[in-house]
Amino acid sequence: MRTRVAPSPTGAPHIGTAYIALFNYAFAKHHGGQFILRIEDTDQTRSTAASEQAILDALRWIGIPWDEGPDRGGAHAPYRQSARTDIYLEHVRKLTESGAAYPCFCTAARLAELRRSQAGTDNSGYDGCCATLDPAQAARRAAAGEPHVVRLRIPTDGECVMQDRLRGAIRIPWHKVDHQVLLKSDGYPTYHLANVVDDHLMGISHVIRGEEWLSSLPKHLLLYQAFQWQAPEFVHLPLLRNPDKSKLSKRRNPTSILYYQRAGFLPEALINYLGLLAYSFPDGREEFTLAQLAENFDIDRVSLGGPIFDLQKLRNFNGRYLRGLPPAELWHRLQDWLLRDEVWQQIVPLAQPRLSQMTDLVPQAAFLFADRLDYAPDQLIKTAPGGDAAALARLLKTAQWEMEKLPEWDNAAVRDLFNRLATVENLKLKQLMPPFYVAVTGAPVGLPAFDAMVQLGRDMTLRRLQYALETLETGGVALKGRQLKEFTAAYQAAYGSPA
RNA sequence: GCGCCCAUCGUCUAUCGGUCAGGACACCAGGUUUUCAUCCUGGGAAGAGGAGUUCGACUCUCCUUGGGCGUGCCA
């Protein structure tokens, strides 16, 4: 048995990645198999090396080990898709030669127009315009360098019958399946192609992934068939949800593993809690280790209802683990977290100019060791530039989006960000910063703002801005629904798309 | 709009045709504790609705409703 987790290195390491990894690991290890980590960086515009590193670090921190991966190699290396383009090209060639796939020369403009014309109708997806091109002629155009993609040819009628381990047989009419792009015009494969090729080549026996992939399964099955490969078994796990039941997103919840690390959660508590969502032991046991989960794991006991990620219960479990530690061990954990020399060596120089007694140090630095800060809505609102609380909410949102886009998180980057923000918003830095200062430190005065954010780290800073937005909501200032939608458009016009 | 998936306390879940529908988080009450927290005890709290199958349905089937995902040269 071989399973894998295949995260895309775009943005912060997602808690959902850990959740999927956990079940893949538990299943593989229960059966004495291997668990593989593969990086799916086929989106050249969004993938970053920093994000890949963060994913590896986060998975390592949470304690789910992989047998093969980009950092340690393995019999099926490389484990980074951007290093496997030759393999995909070769496979795409086979598909076009057999007619299972075809070149498509449609422009982005035509596709956009097509989508517009389909709005509100029963139809969606590519209209098959290039599917009927003469293969020889199309091949000549492609060879001549005409920009094109390669699409998967879908049967025109009948239905696809697929098997999901947890749901049984699922039927989807073929005419509802899109002629998926397999090879982009930049020469990189899409997820669908790379994923199938790699899963086969890497000997993956069970594909355990999020439910969001269920509707693409027909395409994947068709690819296995076109290559004449034995398809693996598929297991679609329920998606983690926000309290409002929508797919877990950073809009309403912290989704970065780095946030949980910084906020003082223990990896074993996080794993335990994640395992509790969608899985239950036959004996009703709720506290368990990764090894115990793997030992007892029975994939057929996975439940299908989309579980709401409940921070309250996570906190409760984290508390149990924390309180159960021998004091000496707890002290080690606290040191691993933030109570170590190198952290204080950064903080002390920042606090020094503001000291009159040594007792001033810890209170001034306390915000660095907290999660949610306690301040009243008014404390924040009174710092709003021009006294406009609604505008302040938009400012906080803008800052969040801009922070997410930052390639580096250091003093210069943060300073540049706020200077840019001040310029675009036509504010003096002095007017702009006070509310951010309250949001980040919970007080109107203290350590320098940019240093405070750098010390706090990006994920916790982002979280603090979120808390500020929530505080504004309790103060009657909400940025959501239609207003948020309109503001998002305005933001994009002024700053470009969010990350 | 269309396709697919899902449906037990507020939340996470147990139950695989016969249970007073169990546990955990949260909440409420009481107790232990110099405070607080911990801890202990107790309490309220659920099978979305409607048909069917069956001696008997939370459990099987169908419909309705609700929720989710998908509908990208993103994964």
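Per chain, numbering begins at 1; letters A, B, ... match sequence-line order.
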Subject >> Interface residues of residues 269-281 of chain A with RNA chain B (non-hydrogen, below 4.0 angstrom) >> reply: L276(A), L277(A), A278(A), S280(A)
**OP:** Using the test side chain to side chain contact (heavy atoms under 4.5 Å, CB included), find all partners of H175(A) that sit at least two apart in sequence or belong to another chain.
**Re:** P173(A)
Original post:
Using the P atom in both, what is the distance from rG22(B) to rA14(B), to the nearest Å?
Top reply: 15 Å
**OP:** Before accepting this row, confirm whether a basic side-chain N of the pair R110(A)/D127(A) lies closer than 4.0 Å to the acidic partner's carboxylate O.
**Re:** yes
Subject >> Complement of rU71(B), any strand, by Watson-Crick or G-U distances under 3.5 angstrom >> reply: rG1(B)
Original post:
Does a side chain donor of either Y321(A) or N272(A) reach within less than 3.5 Å of an acceptor in the other side chain?
Top reply: yes
Original post:
Per the side-chain hydrogen bond (donor to acceptor under 3.5 Å, both in side chains) rule, which among R72(A), R38(A), E68(A) passes with Y79(A)?
Top reply: E68(A)
**OP:** Could you please name the partner base of rG44(B), counting Watson-Crick and G-U wobble pairs only when both distances are under 3.5 Å?
**Re:** none
Subject >> Where at least one partner belongs to residues 295-308 of chain A, residue pairs that pass side chain to side chain donor-acceptor pair (under 3.5 Å), sequence neighbours excluded >> reply: R165(A)-D300(A), S280(A)-R301(A)
Original post:
Does a side-chain N-to-carboxylate-O contact under 4.0 Å join R84(A) and E40(A)?
Top reply: no
Subject >> Smallest separation among heavy atoms of H236(A) and F234(A), with atom names >> reply: CE1-CB, 3.9 Å
**OP:** With sequence neighbours excluded, tell me which residues meet side chain to side chain contact (heavy atoms under 4.5 Å, CB included) with Q137(A).
**Re:** D134(A), R140(A)
Original post:
Between rA45(B) and rU11(B), how far is it from one P atom to the other, in whole Å?
Top reply: 16 Å
**OP:** Could you tell me whether E113(A) and R115(A) make a salt bridge, using a distance below 4.0 angstrom between a side-chain N and a carboxylate O?
**Re:** no
**OP:** If a protein heavy atom is under 4.0 Å from the base, mark B; if only from the sugar-phosphate, S; if neither, -; do that for nucleotides 28-36 of chain B going 5' to 3'.
**Re:** ---------
Original post:
What integer distance in Å separates Y321(A):OH from rU38(B):P?
Top reply: 18 Å
**OP:** Sticking with atom C1', work out how far rU33(B) lies from rG66(B), rounded to a whole angstrom.
**Re:** 48 Å
Subject >> Euclidean distance for C1', rC58(B) against rC4(B) (whole angstrom) >> reply: 25 Å
Original post:
Across all strands shown, which nucleotide pairs with rC20(B) by Watson-Crick or G-U wobble geometry, both distances under 3.5 Å?
Top reply: none
**OP:** Using a strict 4.0 Å threshold on nitrogen-to-oxygen distance, state whether R93(A) and E90(A) make a salt bridge.
**Re:** yes
**OP:** Find the partner of rG66(B): check Watson-Crick (N1-N3 plus N6-O4 or O6-N4) and G-U wobble (N1-O2, O6-N3) distances, both under 3.5 Å, and reply none if neither fits.
**Re:** rC6(B)
Original post:
Looking for any heavy atom pair under 4.0 Å, which part of the strands does R301(A) touch: base, sugar-phosphate only, or nothing?
Top reply: sugar-phosphate
Original post:
Going by the angle between their ring planes, with limits at 30° and 60°, are W229(A) and H200(A) parallel, tilted or perpendicular?
Top reply: parallel
Original post:
Mapping A169(A) and T121(A) to their closest nucleotides on RNA chain B, which lands nearer the 5' end?
Top reply: T121(A)
**OP:** Could you measure between the two C1' atoms, the one in rU13(B) and the one in rC2(B), and give it in whole Å?
**Re:** 34 Å
Original post:
If the P atom of rU53(B) is compared with that of rG72(B), how far apart are they to the nearest Å?
Top reply: 44 Å
Original post:
Do D244(A) and S246(A) have side-chain atoms, one donor and one acceptor, less than 3.5 Å apart?
Top reply: yes
Original post:
What's the CG-C1' distance between N242(A) and rU11(B), to the nearest Å?
Top reply: 14 Å
Tabulate atom names and distances for all N/O pairs under 3.5 angstrom spanning the protein and nucleotides 59-63 of chain B.
none

Original post:
Partners of Q163(A) by side chain to side chain contact (heavy atoms under 4.5 Å, CB included), sequence neighbours excluded?
Top reply: A169(A)
Subject >> Nearest-Å distance once atom C1' is located in both rC62(B) and rG43(B) >> reply: 40 Å
Original post:
Would you find a donor on one side and an acceptor on the other, under 3.5 Å apart, between the side chain of Y273(A) and the backbone of L277(A)?
Top reply: no
Subject >> For rA14(B), the Watson-Crick or wobble counterpart (both distances under 3.5 Å) >> reply: none
Just the atom pairs and distances: protein N or O near nucleotides 23-25 of chain B's N or O, under 3.5 Å.
from, atom 1, to, atom 2, distance (Å)
rG23(B), N2, E286(A), OE2, 2.8
rA24(B), O4', E286(A), OE1, 3.2
rA24(B), O3', R320(A), NH2, 3.3
rA24(B), O2', E286(A), OE1, 2.9
rA24(B), O2', R320(A), NH2, 3.4
rA24(B), N3, K313(A), NZ, 3.0
rC25(B), O3', N316(A), ND2, 3.2
rC25(B), O2', K313(A), N, 3.4

Subject >> Protein-to-nucleotide contact annotation, 5' to 3' order, nucleotides 64-75 of chain B [B base; S sugar-phosphate only; - none; under 4.0 Å, heavy atom] >> reply: ---SSSSSSBBB
**OP:** Answer with base, sugar-phosphate or nothing: what part of the nucleic acid does R171(A) contact at a heavy-atom distance below 4.0 Å?
**Re:** sugar-phosphate
Subject >> For D43(A), all residues meeting side-chain hydrogen bond (donor to acceptor under 3.5 Å, both in side chains), sequence neighbours excluded >> reply: T45(A), R46(A)
Subject >> C1' atoms of rA26(B) and rC60(B), separation to the nearest Å >> reply: 35 Å
Original post:
Would you call R167(A) and D164(A) a salt bridge, using N to O less than 4.0 angstrom?
Top reply: yes
**OP:** Counting Watson-Crick and G-U wobble pairs only, both distances under 3.5 Å, name the nucleotide matched with rU61(B), or none.
**Re:** rA51(B)
**OP:** Enumerate the residue pairs fulfilling ring pair (Phe, Tyr, Trp, His ring centres under 6.0 Å) with a member in residues 94-120 of chain A, sequence neighbours excluded, ordered by first and then second residue.
**Re:** Y102(A)-H179(A), F105(A)-H148(A)
**OP:** Kindly state each residue pair satisfying side chain to side chain donor-acceptor pair (under 3.5 Å) with at least one member in residues 486-496 of chain A, sequence neighbours excluded.
**Re:** E402(A)-Y491(A), K405(A)-Y491(A), E425(A)-Y495(A), R482(A)-E486(A)
